[in-house]
Amino acid sequence: GCVGFALLFALQPALAARYPSFGTVQTTNSSGVLNAVINNTASSTNLFDYRVQADLANLIETLQVNDTDIRVVVFSSFPDMTFPTALLWNISRLPQATIAMVEGRARGIGNEFLMSCDMRFSTTSPSVLLAQLEPSFGFNPGCGGAMYLSNLIGRGRALEYVLSATDIDAVTAEKFGWINRAFDTSAAMKEYVHTLAKRIALFPPAGINGTKFGVNAVSRPSREVIVQKAMTIVDMLAASPASQAYGARFVKATNNQSIGELELNYGQALLGLYNVTEEELKN
Amino acid sequence: GCVGFALLFALQPALAARYPSFGTVQTTNSSGVLNAVINNTASSTNLFDYRVQADLANLIETLQVNDTDIRVVVFSSFPDMTFPTALLWNISRLPQATIAMVEGRARGIGNEFLMSCDMRFSTTSPSVLLAQLEPSFGFNPGCGGAMYLSNLIGRGRALEYVLSATDIDAVTAEKFGWINRAFDTSAAMKEYVHTLAKRIALFPPAGINGTKFGVNAVSRPSREVIVQKAMTIVDMLAASPASQAYGARFVKATNNQSIGELELNYGQALLGLYNVTEEELKN
Amino acid sequence: GCVGFALLFALQPALAARYPSFGTVQTTNSSGVLNAVINNTASSTNLFDYRVQADLANLIETLQVNDTDIRVVVFSSFPDMTFPTALLWNISRLPQATIAMVEGRARGIGNEFLMSCDMRFSTTSPSVLLAQLEPSFGFNPGCGGAMYLSNLIGRGRALEYVLSATDIDAVTAEKFGWINRAFDTSAAMKEYVHTLAKRIALFPPAGINGTKFGVNAVSRPSREVIVQKAMTIVDMLAASPASQAYGARFVKATNNQSIGELELNYGQALLGLYNVTEEELKN
């Protein structure tokens, strides 16, 4: 249920000793804060292929060992990806604090990645658009995106945005609680996140891990529920010619464009796939 | 625990083929959207009597079969009603998206009906007043109203409004997340809901059902909890002469008026039933 | 994990017949509302010592008997305290409605006390600062503070504020839902809470208890989860020299001051304990 959309993150430089290289995942390590940037140079569109998937899984595994040198992970840049339920689940239970910075689209698995992090910050730029678009082609968010949203913005607004596959802008997203905060400029966001990450990284790792453990126990969808949902979708899909037909149309429409109209303005553009216009919906 | 108050909804016209007639429940069916209006012409006050209860139950049962022609249900108009726990529970798990439009009071079971729907929209008219008033006569909301509210607005504000049986206006309700959004005019609300419903109805039903299944799994009170609560109330009531005495006073006070002062301004008027004034409460 | 900070509450006068004296806990009883003020005259800093702990436990036990004369408890004033998990747990499940009024700092166990009450009101005074500061010395909030917060303000903002041990002011706290409402003046807060408490106290106790039971069933961390967390922290701490070292530094720093810089401005002052400045964090 997770066809991903590019999430254009700020890039943060360098490569550190302890986390030397995960191939497509570049890391910087300073004062207990690890900056992780996904950059698949083998693909012109920063595709989330088997290389990235393996490299990111390696990074997450290393972090899971509860390395007390790293207390905060800041993710930035995030490519198209397919269905890595286990990967996102593992991110949500890392012993480190995890922070995502957003400066572009984050739809589908992109938004589910944001949901799996502990905190989310963005700019107020109009290029920031968040959505769970899976229902628009007969799927549901397979990595728990809608379930996390229900904790953040309430089940009413979560169902409104997810069932209609509607884009939310950064200002509204901050108002509802979808993201923690939206900043007027990229520089202001980075300064805030940088200072926040360094502050958290001052503290002993036991408190970070223990606090996350408690909050996760009451506010995170269980793995069982997420996996059941994913399986339910797969079963439903197998039985649903409509989803198959739409999926095929969707793949065809996006096939020859990396950042085309569909990706930039999916919320509107999807209507074209159903051969209706905005005006026709109103009548 | 659910003595209902009239919820004055917008009426939407016509009657469709597939869902021809449920007697007191008039339906319109277009582009995958079913508009359902409850209109008990046998009662001058649109009472939720055995006719409406049976007709609505029939409609819900038909929708439960997961008819792929209907993907969204928009409820409008909603009469006084008594304790239909199973009915509201069944609404909350329909495979279709459910949207409620509010243009008047929705207290007690009226608000619990709103909570059982996926989304809630209203106008900013001062005649929109929402409340769970059960504690004011020694009951609790028996259909989960306070529990849903706790997901939408947080346990602190839910307990403030429910324990004190205080009315909330539409602007505050939108600010807190009790309703998804309040519109300046009835026309603006209807255009928004109409477009939203048609957009959701474009999509394959598997995605709608799967997404609701997941969100319900993490944010809806379980049937066991709701039913246990209802039973707990009944037991408590049986043991509580205060509730019985107040219940009798309440029934007497509302007996000869269909839309009297008590119904229009219950939040204030209930003080009269306790023989105190607003001024006296402050001192 | 709960080193407490003084919470400077409004004092409310007198002592009533039914709840005559709990030593350090002074009570007033009127119209079904019990005002409880913690005032340890044996300690110059209103310390939460064995006297207060025993007296408060006695009061809670008396209230647990579901005395139908008392329907609302308003807590004000709240001293430094250590780790009374069971006490706060018992407060959260009282059959009476519980309301806290805040006019000063409420950090650590102070904020956990607020979370255990049903509702929280404060003034907008800059002296109102709320925080869970446990992670700043390698602990986590052992009485469920971060878990309650996750229901009130969403897991994203809860983790941002708790993991970074950042103070929140009253205006932001109201905006997010951390507190129910912030009032411009102390008088306005007290009038609102007074009227609210008297209104709730009009109603039969069965409805208050039943409503709380339901809301708690879906929105309160389970005792099992809280206690598991507390145990997890203790285990982690035993294995964490960093926490032990920091704890020792913390105790030393606060040892000779009752209301010093650390207590008034812990959010900033903690940086001194780590020998860094605000400026250095930004670079």
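Because the structure is predicted, anything quoted here is derived from the model rather than measured. Computation of the quantities below employed the complete heavy-atom set of this structure, encompassing side-chain atoms and omitting hydrogens, waters and symmetry-equivalent molecules. Chain A is the first sequence line, chain B the second, and so forth, proteins listed ahead of strands; every chain is numbered from 1.
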*Asks:* Against chain B, work out which of Met147(A), Arg157(A), Lys175(A) has the most heavy-atom pairs shorter than 4.5 Å and name it.
*Replies:*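 Heavy-atom pairs under 4.5 Å are most numerous for Arg157(A).
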
*Asks:* Tell me, out of Ile153(A), Leu149(A), Thr166(A), Asn151(A), who's got the most heavy-atom pairs with chain B below 4.5 Å.
*Replies:*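 Looking at each of Ile153(A), Leu149(A), Thr166(A), Asn151(A) in turn, Thr166(A) comes out on top.
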
*Asks:* Report yes if some heavy atom in the side chain of Lys212(B) is under 4.5 Å from a heavy atom in the side chain of Leu163(A); otherwise report no.
*Replies:* yes

*Asks:* Counting C-beta onward and ignoring hydrogens, is there a side-chain heavy-atom pair between Ile70(B) and Thr62(B) closer than 4.5 Å?
*Replies:*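 No. Closest side-chain heavy atoms not under 4.5 Å.
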
*Asks:* Please work out whether the ring planes of Trp178(B) and Tyr161(B) are parallel, tilted or perpendicular, with thresholds of 30° and 60°.
*Replies:* perpendicular

*Asks:* Just give me the residue among Pro221(A), Ser150(A), Gly154(A), Ser222(A) that pairs up with chain B most often, heavy atom to heavy atom, under 4.5 Å.
*Replies:*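 Between Pro221(A), Ser150(A), Gly154(A), Ser222(A), the count favours Ser150(A).
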
*Asks:* Check each of Leu59(B), Asp69(B), Val72(B), Thr98(B) against Leu34(B) using the side-chain contact (heavy atoms from CB on, under 4.5 Å) test, and report the only one that passes.
*Replies:* Leu59(B)

*Asks:* Think Arg107(A) forms a cation-pi with Tyr266(A), using NZ or CZ under 6.0 Å from the six-ring centre and within 45 degrees of its axis?
*Replies:*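 Relative to the ring axis of Tyr266(A), which defines the angle, Arg107(A) lies outside at least one limit.
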
*Asks:* Could you walk me through whether Leu88(B) and Met115(B) pass the side chain to side chain contact (heavy atoms under 4.5 Å, CB included) test, one step at a time?
*Replies:* CA-CA 9 Å; Leu88(B) 292 196; Met115(B) 295 293 111; over 6 Å; no

*Asks:* Need one label for Arg120(B): side chain, backbone, both or neither, based on atoms under 4.5 Å from any heavy atom in chain A.
*Replies:*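 For Arg120(B), the contact with chain A is made by the side chain alone.
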
*Asks:* Identify which part of Ile179(B) has an atom lying under 4.5 Å from any heavy atom of chain A, answering side chain, backbone, both or neither.
*Replies:*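 When you check distances to chain A, only backbone atoms of Ile179(B) fall under 4.5 Å.
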
*Asks:* Out of Leu196(B), Leu202(B), Ile208(B), Ile99(B), which one racks up the most heavy-atom pairs below 4.5 Å with chain A?
*Replies:* Leu202(B)

*Asks:* Return the orientation label for the Phe183(A) and Phe121(A) ring planes: parallel under 30°, perpendicular over 60°, tilted otherwise.
*Replies:* tilted

*Asks:* With a 4.5 angstrom heavy-atom cut-off, could you sort out which part of Val218(B) is near chain A: side chain, backbone, both or neither?
*Replies:*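 For Val218(B), the side chain is the part near chain A, not the backbone.
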
*Asks:* Can you give me the closest heavy-atom contact between Asp169(B) and Val171(B), atom names plus distance?
*Replies:*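 Result for this residue pair: OD1-N, 3.1 Å.
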
*Asks:* For Ala146(A), is it the side chain, the backbone, both or neither that has a heavy atom under 4.5 Å from a heavy atom of chain B?
*Replies:* both

*Asks:* Heavy-atom pairs under 4.5 Å with chain A are the metric here; pick the option from Thr211(B), Asn216(B), Thr195(B) that has the most.
*Replies:*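 With the most close heavy-atom pairs to chain A, the winner is Thr211(B).
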
*Asks:* Quick one: of Gly144(A), Ser219(A), Ala165(A), who has the most non-hydrogen atom pairs under 4.5 Å with chain B?
*Replies:* Ala165(A)

*Asks:* Arg220(A), Gln132(A), Glu160(A): which one forms the most heavy-atom pairs within less than 4.5 Å of chain B?
*Replies:*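 Heavy-atom pairs under 4.5 Å are most numerous for Glu160(A).
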
*Asks:* Using non-hydrogen atoms and a 4.5 Å limit, figure out which bit of Ala217(B) sits close to chain A: side chain, backbone, both or neither.
*Replies:* side chain

